[in-house]
Student: 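Okay, here's the structure, questions in a sec.
Letters A, B, ... are given to chains in the order of the sequence lines, protein chains preceding strands, and every chain is numbered from 1.
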Amino acid sequence: MADPLAPPRVRFAPSPTGYLHVGGARTALFNWLYARQTGGTFLLRIEDTDKARSTDESERAIFEGLEWLGLNWDEQVVHQALGLARHQRDANFLLETGAAYRCFCTPAELEQLRKEAAARKDSFKYDRRCDLLAPDEIKRRVDAGTPFVVRFRVPHGETAWEDAVHERIAFPNKDIEDFVILRSDGTPIYNLAVVSDDIDMGITLVMRGDDHISNTPKQIQLYRALGNEPPRFAHVPMIHGMDGKKLSKRHGATAVADYQKEGILPGAMVNFLALMGWSPGGDREVMSLEEMIALFSLDGLQKKAAIFDTKKLEWMNGQHLSRITAMQLEPRLTSALLDAGIASREMLISRHEWYLGLIDLLKVRARTVLDMVRQAAPFFPGPIAFDPEAVEKQWKDRAASSGILEAVRNEIANLPSWTPESLEAALRALAEQRGVAAGKIFHPLRVALTGLSVSPGIFEVLIAMGPELAAKRLNDAIGFLNAA
RNA sequence: GGCGGUAUCGUCUAGGGGACUAGGACGGAGCCCUCUCAAGGCUCAAACACGGGUUCGAAUCCCGUUACCGCUACCA
């Protein structure tokens, strides 16, 4: 920590080897919230030193995921691979200062040593044999072009730090082996690259998953050997699946893009993610991004892994759906509607007021925007399917149902005014006239209009549909019933 | 195996020595509202892993045990 008063600099450092995972998104979110609250800087670094696994597509997926969530980063994106020269310089510096040494052991030899240790039921730790090589022997091998890796010589003692979420964590150095920092091909290993980059980027707080706890003592040693004070560390808990294991594809969707496709709002996703491992205290749950920025605190970070519960995510989404305005929701629903082929852009533009009203009608009882798409279909001209269960339940007696629908069609066709009140009055009167409960009219009518047994209030449905479409839906239903 | 981490309702969590008969939320059960479904309101079931300390007093502090998780690569 160079200057405790300087604004913090934090980073999110994913490796581009897949999609943006919800766990990664959550780590990014915490860093982002911290930076935004403190007036600090949030940086993005792509850890692409593993050429074999890194792809441009995954890098794009990470950008798109973060953008969708609204987690904008400051400054230029850093690509770790571009720091190669500096990584090598740092490794050489450590070699020169004697903090590191060359190791000529081949992977095969190492493998053999591991096997032997396993046979003895010992835990393997590199025995430093190459550190014992005489200087002229080392020179001879280097001159002969023998490949070598660079290993960091872990000093005696203990490495400890005050973690922002765990308090003090300490490792006896004897348990840390002399780890490799530079491969025989001259490329850096993770721990070196991370420390070199974090120093270079001026990172003051490293907030990351707690699966990095055991890397931390190695990194602290590197900071010191490189002549730098280590930053603060905050190790946040993992996110697990419902079975308590690390969240993976087996648990269903783990990519934030999957939730985007399923119609989760970014605000809800971020809100839900924030609550996995963080609590503002009290009973606060549904929050906007702004509220979270204001409330965020390292003190509220949880130590325990959280289990990803999609049920609660959906509930959260429902909450955000009901708080958001039709206007705010419009762009997201529009693209979903277009994708589903339910409406055309022209249709939505030409009846904009009506469209906004429809959104208000639907969003109350939807949990995702995909729910809304499903519920929106009947309000557009395309044909609808009659849900078999709804038919079974509400149109049990086909002839009678058909009769009711015809009566309704005639009744509302001649209505002088087309308002919720006039429609309700007319339909209730019809029920009375036929000597049946109002529900006996409303329910079959709902199936006729929407094909479903679930919809907004029936009069609102009629209004939103308008006389023309409603008549068409009724005729279709009557035709369906008479044909059967 | 070694090392490290964690442990409050099924799940997310509040709690930071007395206010705890352990609070809220999701999910579950039920009731109310009601043309259906949501939303909303109300009610119920549901937890301090175990064992020792420390203390007048422990969910809260300490130590063990157990369970779970992570790391243990020339991956990140």
Student: Can you tell me the pairing partner of B:C71 across any strand shown, Watson-Crick or G-U wobble, with both distances under 3.5 angstrom?
Tutor: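 B:C71 is paired with B:G2.
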Student: Between B:C26 and B:U43, how many Å separate the two P atoms, rounded to a whole number?
Tutor: 14 Å
Student: Please list every donor-acceptor pair under 3.5 Å in which a side-chain atom of residues 264-275 of chain A meets a protein atom from a residue at least two apart or in another chain.
Tutor:
unit_1   : atom_1 : unit_2   : atom_2 : d
A:Asn271 : OD1    : A:Met287 : N      : 2.7
A:Asn271 : OD1    : A:His320 : NE2    : 2.8
A:Asn271 : ND2    : A:Glu285 : O      : 2.9

Student: Are A:His79 and A:Asp48 linked by a side-chain donor-acceptor pair shorter than 3.5 Å?
Tutor: no
Student: If you define the side chain from C-beta out and look only at heavy atoms, does anything of A:Thr17 sit under 4.5 Å from A:Ser58?
Tutor: no
Student: Take atom C1' in B:U54 and the same atom in B:G18, then report the distance between them in whole Å.
Tutor: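 Nearest-Å result for B:U54 against B:G18 at atom C1': 16 Å.
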Student: Where along residues 432-454 of chain A does a heavy atom come under 4.0 Å from RNA chain B, residue by residue in number order?
Tutor: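 Nucleic-acid contacts, sorted: A:Phe442, A:His443, A:Arg446, A:Ser453, A:Val454.
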Student: Which part of the nucleic acid does A:Ala170 contact within heavy-atom distance under 4.0 Å: base, sugar-phosphate only, or nothing?
Tutor: sugar-phosphate
Student: Indicate whether OP1 or OP2 belonging to B:G10 is found under 4.0 Å from a side-chain N or O atom of A:Lys311.
Tutor: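 No, A:Lys311 has no side-chain N/O under 4.0 Å of OP1/OP2 on B:G10.
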Student: Checking all strands, does A:Phe459 fall into the base, sugar-phosphate, or nothing category for heavy-atom contacts under 4.0 angstrom?
Tutor: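 Base, at least one base atom sits under 4.0 Å.
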Student: Verify whether one side chain among A:His235 and A:Thr216 offers a donor that lies under 3.5 Å from an acceptor in the other.
Tutor: yes
Student: A:Ile463 CD1 to B:C35 P: how many Å, rounded?
Tutor: 17 Å
Student: In whole angstrom, give me the gap between the C1' atoms of B:G17 and B:A73.
Tutor: 47 Å
Student: Is A:Pro237 touching bases, backbone alone, or none of the nucleic acid, heavy atoms closer than 4.0 Å?
Tutor: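 Answer is nothing: A:Pro237 stays at 4.0 Å or more from every strand.
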Student: Between A:Arg365 and A:Asp371, does any NZ, NE, NH1 or NH2 come within less than 4.0 Å of an OD or OE carboxylate oxygen?
Tutor: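 Looking at A:Arg365 together with A:Asp371, the answer is no, because their closest N to O distance does not fall below 4.0 Å.
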Student: Which residues within residues 312-324 of chain A lie with some heavy atom under 4.0 Å of an atom in RNA chain B?
Tutor: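 The stretch gives A:Lys312, A:Trp315, A:Gln319 as the residues lying under 4.0 Å from the strand, ordered by number.
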Student: Using the 3.5 Å cut-off, write out each protein N or O paired with an N or O of nucleotides 14-16 of chain B and the distance between them.
Tutor:
unit_1 : atom_1 : unit_2   : atom_2 : d
B:A14  : OP2    : A:Gln302 : OE1    : 3.3

Student: Assess, by modelled atom type and distance only, whether the side chains of A:Tyr101 and A:Asp178 contain a donor and an acceptor separated by less than 3.5 Å.
Tutor: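 Side-chain D/A pair, A:Tyr101 to A:Asp178: present.
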Student: To the nearest Å, how far apart are A:Lys115 NZ and B:G1 C1'?
Tutor: 18 Å
Student: In whole angstrom, give the distance that lies between atom CG of A:Asn271 and atom P of B:C26.
Tutor: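 Nearest whole value for this atom pair: 13 Å.
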Student: Can we say A:Arg45 and A:Asp198 salt-bridge, meaning some charged N sits less than 4.0 Å from an Asp/Glu carboxylate O?
Tutor: yes
Student: What integer number of Å spans the P atoms of B:G23 and B:G64?
Tutor: 32 Å
Student: Relative to the 5' end of RNA chain B, which residue comes earlier, A:Lys174 or A:Gly457, by the nucleotide with the nearest heavy atom?
Tutor: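 The residue closer to the strand's 5' end, by nearest nucleotide, is A:Lys174.
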Student: For A:His240 and B:C12, what is the distance between atoms NE2 and P respectively, to the nearest whole Å?
Tutor: 11 Å
Student: Decide if the gap between the ring center of A:Phe30 and the ring center of A:Phe12 is smaller than 6.0 angstrom.
Tutor: no
Student: Output the rounded distance in Å from CG (A:Leu361) to P (B:C37).
Tutor: 16 Å
Student: In Watson-Crick or G-U wobble terms, both distances under 3.5 Å, what is the partner of B:G18?
Tutor: B:C56
Student: Using a 3.5 Å cut-off and no angle test, enumerate the donor-acceptor pairs between side-chain atoms of residues 426-435 of chain A and protein atoms at least two apart in sequence or in another chain.
Tutor:
unit_1   : atom_1 : unit_2   : atom_2 : d
A:Arg428 : NE     : A:Glu424 : OE2    : 2.8
A:Arg428 : NH2    : A:Glu424 : OE2    : 3.0

Student: Between A:Arg284 and B:G24, is there a side-chain N or O to OP1/OP2 distance below 4.0 Å?
Tutor: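 Indeed not, no polar side-chain atom of A:Arg284 lies that close.
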Student: Between A:Ser196 (side chain only) and A:Ala193 (backbone N and O only), is there a donor and an acceptor less than 3.5 Å apart?
Tutor: no
Student: Using 30° and 60° as the class limits, which term best fits the ring planes of A:Phe171 and A:Trp161: parallel, tilted or perpendicular?
Tutor: parallel
Student: For the side chain of A:Asp309, counting heavy atoms from C-beta on, which of B:G2, B:U36, B:U11 is nearest?
Tutor: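 The listed nucleotide nearest to A:Asp309's side chain is B:U11.
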Student: Taking the same atom, C1', in B:G15 and in B:U36, what whole-Å distance lies between them?
Tutor: 42 Å
Student: Does the protein touch nucleotides 71-76 of chain B at the base, only the backbone, or not at all? Give it as B, S and - per nucleotide, heavy atoms under 4.0 Å.
Tutor: S-SBBB
Student: Say you pick atom P in B:G52 and the same atom in B:U60; how far apart are they, in whole Å?
Tutor: 14 Å
Student: Counting any heavy atom closer than 4.0 Å, what does A:Leu275 reach on the DNA or RNA strands: base, sugar-phosphate only, or nothing?
Tutor: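 Sugar-phosphate, backbone atoms only, no base.
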Student: Could you give the CD-to-P distance, from A:Gln375 to B:U36, as a whole number of Å?
Tutor: 16 Å
Student: Pairing check on B:C50: which nucleotide meets the Watson-Crick or G-U wobble criteria with it, both distances under 3.5 Å?
Tutor: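 Because both required distances fall under 3.5 Å, B:C50 counts as paired with B:G64.
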Student: Can you tell me how far C1' in B:U11 sits from the matching atom in B:A47, rounded to whole Å?
Tutor: 12 Å
Student: Identify the nucleotide, in any strand shown, that forms a Watson-Crick or G-U wobble pair with B:C42, with both distances under 3.5 Å; if there is none, say none.
Tutor: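 Answer to the pairing question: B:G30, which forms a Watson-Crick or G-U pair with B:C42.
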Student: Which sits closer to the 5' end of RNA chain B, A:Asp175 or A:Ala306, going by the nucleotide each is nearest to?
Tutor: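 The answer here is A:Asp175.
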Student: Check this for me: does any side-chain nitrogen of one of A:Arg129 and A:Asp127 sit under 4.0 Å from a carboxylate oxygen of the other?
Tutor: yes
Student: Between B:C37, B:U8, B:A39, which nucleotide gets closest to the side-chain atoms of A:Arg365?
Tutor: B:C37
Student: Under 3.5 Å, is there a donor-acceptor pair between the A:Arg446 and A:Thr450 side chains?
Tutor: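 No, no side-chain donor-acceptor contact under 3.5 Å.
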Student: Between A:Thr254 and A:Tyr19, is any side-chain donor less than 3.5 angstrom from a side-chain acceptor?
Tutor: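 Present: a donor and an acceptor within the cut-off.
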Student: Between B:C26 atom P and A:Phe308 atom CZ, what is the distance in whole Å?
Tutor: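 Taking CZ of A:Phe308 and P of B:C26, I get 17 Å after rounding.
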Student: Please give, in whole Å, the distance from B:C69 C1' to A:Ile307 CD1?
Tutor: 11 Å
Student: If you measure from the C1' atom in B:C44 to the same atom in B:G5, how many Å do you get, rounded?
Tutor: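 The same atom, C1', in both gives a distance of 38 Å.
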Student: Whether A:Arg114 and A:Glu111 form a salt bridge (side-chain N of Lys/Arg under 4.0 Å from carboxylate O of Asp/Glu) is what I want to check.
Tutor: yes
Student: Evaluate A:Asp197 against A:Arg86 for salt bridge (charged side-chain N to carboxylate O under 4.0 Å, His left out), listing each step before the verdict.
Tutor: CA-CA 9 Å; A:Asp197 289 356; A:Arg86 173 169 32 76; 2.9 Å; yes
Student: Considering Watson-Crick and G-U wobble pairs with both distances under 3.5 Å, what does B:U36 pair with?
Tutor: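 Pairing partner: none.
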Student: Select base, sugar-phosphate, or nothing to describe what A:Arg45 touches, counting heavy atoms under 4.0 Å on all strands.
Tutor: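 Answer is nothing: A:Arg45 stays at 4.0 Å or more from every strand.
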Student: Does a side chain donor of either A:Glu389 or A:Ser453 reach within less than 3.5 Å of an acceptor in the other side chain?
Tutor: no
